[in-house]
Structure formats: C-alpha cells, structure tokens
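One structure is given below, encoded as structure tokens.
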Amino acid sequence: MLMPAKVKHRKVFRGKRKGKATKGNYLVFGEYGLQALENCWITARQIEAGRIAINRYVKRSGKLWIRLFPYKPVTSKPIEVRMGKGKGDPEFWVDVVKRGKIIYELEGVPEDIAKEAMRLAQAKLAIKTRFIQRDK
C-alpha cells in the first residue's frame with residue numbers, strides 16, 4: 001500500500017477539488033495512458049487495485065508507471081462517538097486528482113492489450129477516465 005514514510009503534518013484540511021490539472025496532464029514516460037476526466041480523491045487502495053489489474057493482464061511484459069502518490073491523510077472519528085473532542089485519527093491516504101491528470105502510463109505492449117488493461121484498471125477507479133496514446 002502506498003503511503004508517505006514521513007509527513008510534516010499528521011492531519012490536514014480537506015481542501016478544494018475544483019479546476020483542471022496543469023501539471024501531469026500529458027504522457028511523459030509511456031506510449032499509452034489513462035487520463036482522469038473528473039476531479040476526485042483516489043485512495044491508495046484504488047491505485048494499488050488498478051496496478052494489480054494492469055500487471056495481471058499484461059503478464060508483466062510491459063513497463064508501467066504510476067503517476068499518482070497518496071500524500072493526503074483522511075481522518076474519521078470512530079462510530080458512535082459524540083460531537084467535539086477534536087479531530088479523528090488518520091484512516092487512509094488519498095491523492096487529489098484533477099481532471100486531465102494522467103493516472104497510469106504503459107509501454108512495451110501492443111495497443112489492443114494496453115487498451116484492455118487500462119479498461120480493467122478503469123473499473124477499479126471511482127471516476128470517469130479515458131484511454132490516450134502518444135502521437136506518432
């Protein structure tokens with residue numbers, strides 16, 4: 001599971017999720033990619049599930065890059081606890097994804113295999129995405 005080794009602040013504000021990505025919105029490493037079309041939080045579990053789905057389908061023949069990292073802690077209070085008494089403990093980690101951000105990149109496999117692998121990873125995410133490829 002992806003998570004930071006050390007953080008400056010253990011609990012952070014929720015922040016805003018609007019706007020579009022200005023960084024990480026084009027292919028850099030691979031030939032094919034999966035691009036987010038909505039703003040959301042993607043959890044470390046979703047990132048890992050997508051990675052496993054892609055690697056399982058391509059049988060580890062291609063090279064995969066994960067362009068996300070869950071750096072933001074999400075806190076929650078235990079069930080049936082009264083209001084007040086401060087903020088809850090960190091439960092899981094997310095990455096704030098804005099529309100246009102590249103999530104995965106893949107190289108070294110044919111286009112049809114890459115398309116199907118990205119479709120399987122897309123099913124693990126809670127947002128709309130699209131398959132993109134590098135211009136030749």
Side-chain angles (χ1 to χ4, degrees):
M1 199 69 60
L2 293 171
M3 64 188 298
K6 188 173 134 180
V7 291
K8 189 171 185 178
H9 301 288
R10 202 166 73 91
K11 300 173 183 179
V12 299
F13 290 159
R14 292 177 63 85
K16 299 281 187 262
R17 286 189 282 188
K18 57 185 187 181
K20 61 182 182 179
T22 56
K23 296 177 183 174
N25 55 0
Y26 57 89
L27 292 174
V28 176
F29 303 105
E31 292 292 318
Y32 310 104
L34 194 65
Q35 186 176 38
L37 297 178
E38 296 175 348
N39 299 332
C40 74
W41 284 352
I42 293 187
T43 66
R45 287 177 182 270
Q46 291 172 339
I47 295 169
E48 182 68 9
R51 183 193 69 81
I52 290 169
I54 292 171
N55 279 337
R56 190 171 285 160
Y57 188 77
V58 300
K59 298 181 177 67
R60 298 186 351 179
S61 61
K63 173 83 172 114
L64 176 69
W65 287 271
I66 301 171
R67 299 283 306 272
L68 303 178
F69 187 79
Y71 62 91
K72 182 186 188 83
V74 176
T75 62
S76 68
K77 299 186 81 156
I79 297 174
E80 296 182 2
V81 171
R82 293 184 180 183
M83 299 293 286
K85 307 286 189 286
K87 191 171 183 176
D89 292 324
E91 291 287 317
F92 57 94
W93 296 85
V94 299
D95 187 12
V96 180
V97 175
K98 297 193 174 186
R99 68 179 190 269
K101 174 96 172 163
I102 304 296
I103 300 171
Y104 299 108
E105 289 190 33
L106 188 60
E107 173 182 80
V109 294
E111 182 182 349
D112 56 335
I113 292 177
K115 200 169 214 171
E116 180 62 20
M118 293 297 179
R119 188 191 66 77
L120 292 171
Q122 181 179 5
K124 306 297 181 190
L125 304 173
I127 58 169
K128 292 179 185 172
T129 58
R130 71 175 176 186
F131 176 79
I132 61 171
Q133 62 186 43
R134 191 184 298 272
D135 297 331
K136 301 199 173 169

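Worth saying up front: this structure is predicted, and the values here are computed from it rather than measured.
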Original post:
Under the 3.5 angstrom rule, does the side chain of Glu116 hit a backbone N or O of Ile113 as a donor-acceptor pair?
Top reply: no
Does any part of the side chain of Trp41, heavy atoms only, come nearer than 4.5 Å to the side chain of Val97, both counted from C-beta?
no
Between Lys72 and Phe13 (side chain of the first, backbone of the second, donor and acceptor by atom type, cut-off under 3.5 Å), is there such a pair?
yes
Output for pair (Thr43 OG1, Leu68 CG), nearest 0.5 Å, gives 10.5 Å
Between Asp89 and Arg10 the two heavy atoms that sit nearest each other are OD1-NH2, 3.8 Å
Going through the checks in order, is the side chain to side chain contact (heavy atoms under 4.5 Å, CB included) test met by Arg17 and Lys98?
CA-CA 7 Å; Arg17 286 189 282 188; Lys98 297 193 174 186; over 6 Å; no
Under 3.5 Å: donor-acceptor pair, side chain of Lys77, backbone of Gly86:
yes
Using a 4.5 Å side-chain heavy-atom cut-off and chaining through intermediate ILVMFWY residues, the residues clustered with Trp93 come out as Met3, Val7
Val12 and Lys87 have their tightest heavy-atom pair at O-NZ, 2.8 Å
Quiz item: Would you say Ile42 and Val94 make side-chain contact, with heavy atoms under 4.5 Å?
Solution: no
When you compare the side chain of Ile54 with that of Leu120, does any pair of heavy atoms fall below 4.5 Å?
no
With a 4.5 Å limit on heavy-atom distance, are the side chains of Thr129 and Leu37 in contact? no
query = Arg45 and Glu48: salt bridge (charged side-chain N to carboxylate O under 4.0 Å, His left out), yes or no, with the steps?
reply = CA-CA 5 Å; Arg45 287 177 182 270; Glu48 182 68 9; over 6 Å; no
Taking everything shown except Arg56 itself, do over 12 heavy atoms lie less than 6.0 Å from its CZ?
no
(Q) Is it the case that over 12 heavy atoms from other parts of the model lie below 6.0 angstrom from the CZ atom of Phe69? (A) yes
Val96 and Leu2: same hydrophobic cluster, using ILVMFWY side-chain contacts below 4.5 Å?
yes
Smallest heavy-atom separation, Arg51 atom then Tyr104 atom, equals N-OH, 3.5 Å
- [ ] Could you give me the CA-CA distance, side-chain angles and deciding distance for Glu38 and Arg99, then say whether side chain to side chain contact (heavy atoms under 4.5 Å, CB included) is met?
- [x] CA-CA 5 Å; Glu38 296 175 348; Arg99 68 179 190 269; 5.6 Å; no
Exercise. Step by step, would you call Leu34 with Leu125 a side chain to side chain contact (heavy atoms under 4.5 Å, CB included)?
Worked result: CA-CA 11 Å; Leu34 194 65; Leu125 304 173; 4.1 Å; yes
Exercise for review: Starting from the C-alpha separation in whole Å, work towards a yes-or-no answer on salt bridge (charged side-chain N to carboxylate O under 4.0 Å, His left out) for Glu107 and Lys63.
Suggested key: CA-CA 5 Å; Glu107 173 182 80; Lys63 173 83 172 114; over 6 Å; no
Taking every heavy atom of Arg67 against every heavy atom of Ile102, the minimum-distance pair comes out as CB-O, 3.2 Å
query = If we only count heavy atoms from C-beta on, is the Ile127 to Asn39 side-chain gap below 4.5 Å?
reply = no
- So do the side chains of Glu91 and Val74 get within less than 4.5 Å of each other, counting heavy atoms only? no
Exercise for review: Compare all side-chain heavy atoms of Ser76 with those of Phe92 and state whether any distance is below 4.5 angstrom.
Suggested key: no
_Heavy-atom donor-acceptor pair, Lys11 side chain to Pro90 backbone, under 3.5 Å_ = no
Leu27 and Gly33 have their tightest heavy-atom pair at CD2-CA, 3.8 Å
Residues passing the side chain to side chain contact (heavy atoms under 4.5 Å, CB included) test with Lys8, sequence neighbours excluded, are none
(Q) With heavy-atom distances below 4.5 Å as the criterion, would you say the side chains of Tyr32 and Glu105 are in contact? (A) no
inquiry  = Please determine whether side chain to side chain contact (heavy atoms under 4.5 Å, CB included) holds for the pair Gln35 and Arg130, giving the CA-CA distance in whole Å, both sets of side-chain angles, and the decisive distance to 0.1 Å.
reply    = CA-CA 5 Å; Gln35 186 176 38; Arg130 71 175 176 186; 2.8 Å; yes
The reported gap from SG in Cys40 to CG in Asp95 (rounded to nearest 0.5 angstrom) is 9.0 Å
Are Trp65 and Tyr71 connected, step by step, through hydrophobic side chains (Ile, Leu, Val, Met, Phe, Trp, Tyr) whose heavy atoms are closer than 4.5 Å? no
Output for pair (Gln46 CD, Ile103 CD1), nearest 0.5 Å, gives 9.5 Å
Practice problem: Examine distances only and state if a side-chain atom of Arg134 and a backbone atom of Gly30 form a donor-acceptor pair shorter than 3.5 Å. | Solution: yes
Note: Ala121 and Gly50 closest approach over all heavy atoms is CB-O, 3.9 Å
Discussion item. Whether the side chain of Asn25 engages the backbone of Lys101 through a donor-acceptor N/O pair (distance < 3.5 Å, no angle test) should be reported.
Written reply: no
